[in-house]
Colleague: 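Sharing a structure below in structure tokens format, with a few things to ask.
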Number of protein chains: 2
Amino acid sequence: MTKEEEILQAHITSHRLKVTKERKAILNVFMSTERHVTAEELYREMKNRGSSIGLATIYRTLNLFCASGLAEQRHFGDGQARYELTYNVHHHDHLVCKQCNRIIEFENLEIERLQEKVARKHHFTIYSHKLELYGTCEACSKEKSKSKPKSKAKSKKQTTK
Amino acid sequence: MTKEEEILQAHITSHRLKVTKERKAILNVFMSTERHVTAEELYREMKNRGSSIGLATIYRTLNLFCASGLAEQRHFGDGQARYELTYNVHHHDHLVCKQCNRIIEFENLEIERLQEKVARKHHFTIYSHKLELYGTCEACSKEKSKSKPKSKAKSKKQTTK
DNA sequence: TCTCAATTTGATAATCGGTCTCATTTTTAG
DNA sequence: CTAAAAATGAGACCGATTATCAAATTGAGA
Ligand SMILES: [Mn+2]
Ligand SMILES: [Mn+2]
Ligand SMILES: [Zn+2]
Ligand SMILES: [Zn+2]
């Protein structure tokens, strides 16, 4: 049993919940897929691997992962929640390329310290924060003309009239 | 005519759009209400003041304000977009109290500089960013037991089972 | 000022991510 | 093994926002 399975089981038993094959299966795939996955993406991935677990269960289970401290939910501005394993993963923030939807993780202790300083000045107690830098990644700014090297998002229709 | 009305008109004419009484009325109320307003809140405020403008037009017009550079859209994690006038307003980020939904604005050039530094390190070009610190404000941490002094958000049902 | 094509509006239908409901199945303490 | 509690899948439902469309308004040019 992986450490992650243990963490999940601990949370499950301490909350009088139940260990199910669905939860184990979802945890497995969740750990093996790319970071910042959406519920829908995870659902499709599981289907590809032969699973018949329903989408509602995917949502429920991702929420459970978050409640157990295994994962965290993120929003990168495309209207879908994304999830990433955070157990044993250093805290970090994100650079989000709006061209190709690539997500680059970074860690900056100076910024974290300054956030705390700001909070102190306002007598505010931080328990979470969100720092995202939106723009264009290196790859995308090099290929000035081409459009979407690693597209992941649906392009939303824009009424320009 | 206020400077804001001029900016809007400039955007409107340069895009072959039309100046309407609705747009002027919405801009007026938008400028006179509190910052970080939702479309729904602005709609109700206008109704209170006797307007009969439809909600769809409020949404359309707030989007227009954003397109013209007068306003910006924000998301503070409660699932509704909020808007604030940013013309002639210094860039700032936000402390969001999850107890009372108070929003405190702050400005920190050191953090902004460090963000740019991070971006440079990753050869990334930032064109916008989002920094929000979530937690408990001074007022709320003082009244340890009381719940919602200036409640603004609907409490979402949480299935704890 | 009049005309009229283009734009905007209000009402409301549609969309979309996500949650809830409920009948059925699975888990697990005893 | 039993039975109560919890979880599941299917699909109904929800809330914020956008799209549709007929009717009204706007404004550039005559
Ligand atoms: Mn990450
Ligand atoms: Mn603000
Ligand atoms: Zn990119
Ligand atoms: Zn507060």
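Only heavy atoms go into these numbers, but all of them, side chains included; no hydrogens, no water, no symmetry mates. A note on names: the letters A, B, ... follow the listed sequences, proteins ahead of strands, and every chain is numbered from 1.
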Colleague: With a 4.0 Å heavy-atom cut-off, tell me which residues in residues 56-76 of chain A come close to DNA chain C, sorted by residue number.
Modeller: A:Ala56, A:Tyr59, A:Arg60, A:Asn63
Colleague: A:Leu17 has a side chain; which of C:dT8, C:dT27, D:dA6 sits nearest to it?
Modeller: D:dA6
Colleague: Round to the nearest Å and state the distance from A:Gln80 atom CD to D:dA16 atom P.
Modeller: 19 Å
Colleague: Measure from the side chain of B:Ile53, starting at C-beta and using heavy atoms only, and say which of D:dA7, C:dT8, C:dG10 lies closest.
Modeller: C:dG10
Colleague: Whole Å only: how far is the CZ atom of B:Arg16 from the P atom of C:dC4?
Modeller: 23 Å
Colleague: Measure from OH on B:Tyr43 to P on D:dG15 and round the result to the nearest Å.
Modeller: 16 Å
Colleague: Tell me: CD of A:Glu22 to P of C:dT27, nearest whole Å?
Modeller: 7 Å
Colleague: Identify the heavy atoms of A:Ile104 and A:Cys137 that sit nearest to each other, and give their distance.
Modeller: CD1-CB, 4.4 Å
Colleague: Return whichever of B:Leu55 or B:Val19 has its heavy-atom-nearest nucleotide of DNA chain D closer to the 5' end.
Modeller: B:Leu55
Colleague: Closest approach to the side chain of A:Lys18, judged atom by atom: which nucleotide of C:dA5, D:dA5, C:dT9 is it?
Modeller: D:dA5
Colleague: Step by step, would you call B:Glu112 with B:His91 a side-chain hydrogen bond (donor to acceptor under 3.5 Å, both in side chains)?
Modeller: CA-CA 10 Å; B:Glu112 306 279 329; B:His91 167 77; 3.0 Å; yes
Colleague: Measure CZ/A:Arg23 against C1'/C:dT26 and give the value in whole Å, please.
Modeller: 11 Å
Colleague: For A:Thr136 and A:Gln99, which I'm curious about, is there any donor-acceptor pair between the side chains at under 3.5 Å?
Modeller: yes
Colleague: Please determine which of A:Tyr43, A:Tyr83, A:Tyr87, A:Phe65 meets the ring-ring contact (aromatic ring centres under 6.0 Å, His included) test together with A:Phe30.
Modeller: A:Phe65
Colleague: Can a side chain N or O of A:Thr20 be found less than 4.0 Å away from OP1 or OP2 on D:dT8?
Modeller: yes
Colleague: Quick one: sort the B:His92 and B:His36 rings into parallel, tilted or perpendicular, breaks at 30° and 60°.
Modeller: perpendicular
Colleague: Is A:Ala39 touching bases, backbone alone, or none of the nucleic acid, heavy atoms closer than 4.0 Å?
Modeller: nothing
Colleague: To the nearest angstrom, how far is A:Ile12 atom CD1 from D:dA6 atom P?
Modeller: 13 Å
Colleague: Using a strict cut-off of less than 4.0 Å between a Lys/Arg side-chain nitrogen and an Asp/Glu carboxylate oxygen, indicate whether B:Glu72 and B:Arg74 qualify as a salt bridge.
Modeller: yes
Colleague: Does the pair A:His94 and A:Glu132 meet the rule for a side-chain hydrogen bond (donor to acceptor under 3.5 Å, both in side chains), with working shown?
Modeller: CA-CA 5 Å; A:His94 301 90; A:Glu132 286 140 31; 5.5 Å; no
Colleague: Using a cut-off of 4.0 Å on non-hydrogen atoms, how would the nucleic acid contact of A:Thr38 be classed: base, sugar-phosphate, or nothing?
Modeller: nothing
Colleague: Whole angstrom is fine here: how far is it from NZ in A:Lys21 over to P in D:dA7?
Modeller: 13 Å
Colleague: What is the separation between atom NZ on B:Lys47 and atom P on C:dG10, rounded to the nearest whole Å?
Modeller: 11 Å
